[in-house]
Asks: 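Following this message is one structure expressed as structure tokens.
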Amino acid sequence: MNMPREFPARGACMRDSTVTVPETLLAALKSHDRVLIAAHANPDGDAAGASAALGWTLRTLGKEVLLYNETGFPDYLGWLRLPSPVLRDISALPGKPGLVVALDSGDAARLGEGIQGLLREVPVVNIDHHPGNPEYGSAANWGDPAMPATGEMIGHLAEALELPLEGALAEAVYVALVSDTGSFAYGNTRPSTLRMAARLLEGGLDIAGIRARLDNNWSEGKLRLWGRLMSDARILDGGRLGVALISRSLPDEYGALREDAEGFVEQLRRIKGVRVALLLREVEKDGRIMTRVSLRSSGADDVRKVAAQFGGGGHRNAAGATVDLPPEKTLAVIQPYIRHVWN
Ligand code: AMP
Ligand code: MN
Ligand code: MN
């Protein structure tokens with residue numbers, strides 16, 4: 001149901017006095033008119049939402065904006081209003097941008113191989129909330145691991161540029177916030193996050209409409225796939241480890257998409273006593289069978305350390321890596337490292 005708008009849009013831009021956007025970053029953005037906005041491959045709601053939000057911000061300032069993502073945006077965010085198409089192939093760029101802004105990428109490699117050459121040729125701004133980000137931005141860096149979502153940083157950035165959080169910009173910021181905070185439920189949620197959510201509502205955001213578009217859009221295939229994943233889930237290590245394995249062909253068996261497994265790892269974390277949830281997705285890369293690993297934990301249990309052992313990264317309670325082994329073998333090699341989390 002669409003509720004009537006309770007809060008008149010203020011028009012004026014409120015800002016959060018507890019957050020400072022670096023001046024070097026604002027200067028870099030202001031001094032370029034053609035900007036390519038890139039985020040990590042296999043983007044989540046934060047990567048996609050932050051990209052769209054920054055795109056709307058820069059377009060409102062009159063800049064030429066192009067979004068880039070090596071694997072494109074997921075179908076479940078197909079409704080998100082975008083300031084430009086999402087380019088997947090750098091060689092199809094219509095001319096060189098003056099600036100690349102990298103979002104939600106703990107290191108430059110996460111942006112994908114295709115863009116690495118361009119990163120060496122043009123100034124780069126790096127905006128991110130992953131711990132250990134090596135500040136790979138040649139023009140400016142804003143890294144803040146205390147931020148729950150890169151999208152919150154973009155919200156503050158838009159407000160620093162005196163734009164109110166309204167319309168498509170507000171929607172994109174909201175998608176980023178709810179994606180990385182579990183809808184304001186994870187421990188990373190800050191007062192500034194909730195204050196920003198309040199400003200989004202004051203700007204007229206259709207919160208229930210977005211919730212319906214995000215949540216009430218499953219295919220029957222996805223429901224059946226999750227049913228299968230739930231029945232096959234393994235509870236190991238005396239109930240402390242919840243595991244699901246997904247072969248490449250499994251989604252097809254149910255008429256589901258590969259991306260439909262996204263988020264299933266959160267279900268494993270719901271089991272009482274489970275301290276680490278592990279989702280192992282079989283993928284093929286350069287003709288090799290590999291495994292995309294998703295790890296989740298709660299509180300002080302640090303799964304980022306586990307992911308880092310396998311060349312991945314992330315946050316204390318949500319981390320990932322790609323391992324050059326099939327899923328069963330990946331489970332065998334990763335399990336001893338996971339035991340360190342609770343030992
Ligand atoms: P996911 O399980 O794919 O939702 O990822 C959870 C978190 O882990 C994300 O916020 C990413 O920052 C991080 N992450 C996932 N995959 C990788 C990777 N291959 N390398 C570094 N960080 C990753
Ligand atoms: Mn992300
Ligand atoms: Mn993020």
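Computed from a predicted model, the values in this text were never measured in an experiment. Just so you know, ligand 1 is whichever comes first in the structure, and atom 1 is the first atom listed for that ligand.
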Asks: With a 4.5 Å cut-off on side-chain heavy-atom distances among I, L, V, M, F, W and Y, is there a chain of contacts connecting Trp56 to Leu61?
Replies: yes
Asks: Should Arg34 and Glu64 count as an ion pair when the cut-off is N to O under 4.0 Å?
Replies: yes
Asks: In the single-linkage hydrophobic clustering (I, L, V, M, F, W, Y; side-chain heavy atoms under 4.5 Å), do Trp218 and Val175 co-cluster?
Replies: no
Asks: So is His40 close enough to ligand 1, meaning a heavy atom under 4.0 angstrom away?
Replies: no
Asks: Would you say ligand 1 has an N or O under 3.5 Å from any N or O of Asp44?
Replies: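 No.
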Asks: Determine the interplanar angle of the Tyr337 and Phe310 rings, folded into 0 to 90°, and report it as parallel if under 30°, tilted if 30 to 60°, perpendicular if over 60°.
Replies: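 The arrangement is perpendicular - the two ring planes meet at more than 60°.
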Asks: Looking only at protein heavy atoms, identify the closest one to atom 2 (O) of ligand 1 and say how far it is in Å.
Replies: Ser294 OG, 2.6 Å
Asks: For ligand 1 and Gly312, I'd like to know whether there is a polar contact (N/O to N/O, distance under 3.5 Å).
Replies: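 N/O-N/O distance below 3.5 Å does not exist for this pair.
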Asks: Between Ala321 and ligand 1, which part of the residue brings a heavy atom under 4.0 Å of the ligand: side chain, backbone, both or neither?
Replies: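 The backbone, only.
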Asks: Salt bridge or not between Glu70 and Arg88? Use side-chain N to carboxylate O under 4.0 Å.
Replies: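 Salt bridge flag = no for Arg88 with Glu70.
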Asks: Would you say Gly311 and ligand 1 have an N/O pair spaced under 3.5 Å apart?
Replies: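 Checking ligand 1 against Gly311, no N or O pair falls under 3.5 Å apart.
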Asks: Answer yes when Glu259 and Lys222 have at least one side-chain N-carboxylate O distance shorter than 4.0 Å, and no when they do not.
Replies: no
Asks: Taking the Mn ion (ligand 3) as the center, what protein N, O or S atoms are found at less than 2.8 Å?
Replies: Asp46 OD2, Asp104 OD1, His129 NE2, Asp180 OD2
Asks: With heavy atoms of His315 as the reference, note each atom of ligand 1 found under 4.0 Å away.
Replies: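 By the 4.0 Å cutoff, the relevant atoms are 10 (O).
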Asks: A cation-pi test, strictly: NZ or CZ of Arg199 under 6.0 Å from the centre of the six-membered ring of Tyr174 and no more than 45 degrees from its axis. Yes or no?
Replies: no
